[in-house]
Trainee: 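Would you mind keeping the following structure in view while I ask a few things?
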Amino acid sequence: MSLLNLTFKMADIPSPPMSWEDYAKRVELEWSGLLASASNESEVQRFLEEHPSLLPTADSHCPYPGAVISQPKLQGLTRRVPDFMWICSNSVTIIPVLIEIEHPKKMWYNGKGDPTAEFTQAVNQLRIWRTWMEDSDNQNVFRSYYGLRGGNWRGMAFKPRYVLIYGRRAEFESGKSAALKHLRRSSQLDSEEFMTFDRLRPNRLFSDFLSVRARDNQGFEAISFPACVKIGPSFSALLDGVKDITAAISKSPWLTPERRQFLIDRVPYWENWRDLPGLKIRTGESE
């Protein structure tokens, strides 16, 4: 313990983070209400930015940079950008997960069982990203823009995934449900996944992830800080390169005043600790 104390010092916590159980329950309640009442897609986008644990990702290591990226740029692509992207990885592969969301009330199929024009357009958007990502020059641009060049990233393969979140489950609960589900599966290409908004549930494994926007070749800026997030050595390491975290804390809607002030005071401590020279000891301790 003496070595740990020399490396960092935990603070007394006047106000703990919201418990995962309370947070998840509140997210599910408000998410359900939003899906029933949202008047436009931007409302859904904002809610998912505030609560990134709802968003699906790859079965791999923690995403870089400890956050989902909202409306990420694909340099040189003039068509619509993804709504969200996780940059996941395993020991040998970089796995960008590009996510397209549409309004929850849009229909997948018409009364004849044919894809609607809106659904076809959404699928085509994924195919545009796929074509862009398959170009080796674009992959190099992507690596440079998102800081995936040096260190452990060097020599890693590139294997993107594409997710479409569209419509509601109720459409597939009619007498034609089996046929419609088959049509949905058959329209997916390899590395694609289509799902309804009803599939989204808070994932405890993502409880400490933020939402960020990419700055042009200058790292990331935080845009959300969920009330369940805990800070400490692991938090500091995950969010290397993310700026404006205290600004996101200031705007986080579910933090108590005491918790908000504690975080604003303590985040700079962990950022400074991360940047100090020498060995960084990371433990499961958190504040």
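Residue numbers start at 1 and run along the sequence shown.
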Trainee: Around atom CD of Gln121, are there more than 12 heavy atoms from other residues, nucleotides or ligands closer than 6.0 Å?
Mentor: no

Trainee: Taking only residues two or more places apart in sequence, or in another chain, which ones meet Phe142 in a ring pair (Phe, Tyr, Trp, His ring centres under 6.0 Å)?
Mentor: Tyr146, Phe158

Trainee: Who pairs with Ser211 by side chain to side chain contact (heavy atoms under 4.5 Å, CB included), at least two apart in sequence or on another chain?
Mentor: Glu49, Pro52, Val68, Ile223, Ser224

Trainee: Any salt bridge between Glu193 and Arg199, counting N to O under 4.0 Å?
Mentor: yes

Trainee: Which residues satisfy the side-chain hydrogen bond (donor to acceptor under 3.5 Å, both in side chains) test with Arg213, sequence neighbours excluded?
Mentor: none

Trainee: Pick out which of Lys159, Arg130, Arg161 makes a side-chain hydrogen bond (donor to acceptor under 3.5 Å, both in side chains) with Ser191.
Mentor: Arg130

Trainee: Filter on salt bridge (Lys or Arg N to Asp or Glu O under 4.0 Å), then keep only pairs touching residues 135-158, sequence neighbours left out; what's left?
Mentor: none

Trainee: Can you list the residues that meet the side-chain hydrogen bond (donor to acceptor under 3.5 Å, both in side chains) rule with Ser136, with sequence neighbours excluded?
Mentor: none

Trainee: Looking only at heavy atoms, which two atoms of Gly33 and Ser37 are closest? And how far apart?
Mentor: O-OG, 2.9 Å

Trainee: Restricting to ring pair (Phe, Tyr, Trp, His ring centres under 6.0 Å), what partner residues turn up for Trp129, sequence neighbours left out?
Mentor: none

Trainee: Does one hydrophobic cluster hold both Val141 and Leu74, with members joined at side-chain heavy-atom distances below 4.5 Å?
Mentor: no

Trainee: Can you name the residues that form a side-chain hydrogen bond (donor to acceptor under 3.5 Å, both in side chains) with Tyr23, not counting sequence neighbours?
Mentor: His51

Trainee: Applying side-chain hydrogen bond (donor to acceptor under 3.5 Å, both in side chains), name anything that partners Asp198, two or more places apart in sequence or on another chain.
Mentor: Arg168

Trainee: Who are the side chain to side chain contact (heavy atoms under 4.5 Å, CB included) partners of Asp12, not counting sequence neighbours?
Mentor: none

Trainee: Salt bridge check: are Lys25 and Glu21 linked by an N-O gap of less than 4.0 Å?
Mentor: no

Trainee: Closest approach of Phe47 and Leu54, non-hydrogen atoms and distance?
Mentor: CE2-CD1, 3.7 Å

Trainee: Let me have the donor-acceptor pairs involving side chains of residues 251-258, under 3.5 Å, with sequence neighbours excluded, atom names and distances please.
Mentor:
unit_1 : atom_1 : unit_2 : atom_2 : d
Ser252 : OG     : Phe225 : O      : 2.6
Thr256 : OG1    : Ser15  : OG     : 3.2
Thr256 : OG1    : Arg259 : N      : 3.1

Trainee: Tell me whether Met10 shares a hydrophobic cluster with Phe235, the cluster being built from Ile, Leu, Val, Met, Phe, Trp, Tyr side chains joined at under 4.5 Å.
Mentor: yes

Trainee: Return the set of residues passing side chain to side chain contact (heavy atoms under 4.5 Å, CB included) with Val242 (not counting sequence neighbours), or none when no residue passes.
Mentor: Pro65, Val212, Phe220, Ala222, Leu239, Ile245

Trainee: Which donor-acceptor pairs under 3.5 Å do the side chains of residues 94-106 make with protein atoms, sequence neighbours left out?
Mentor:
unit_1 : atom_1 : unit_2 : atom_2 : d
Glu100 : OE2    : Arg80  : NH1    : 3.4
Glu100 : OE2    : Arg80  : NH2    : 3.4
Glu102 : OE1    : Lys106 : NZ     : 2.8
His103 : ND1    : Lys105 : N      : 3.0
His103 : NE2    : Ala38  : O      : 3.0

Trainee: For Glu28 and Ser32, which I'm curious about, is there any donor-acceptor pair between the side chains at under 3.5 Å?
Mentor: no

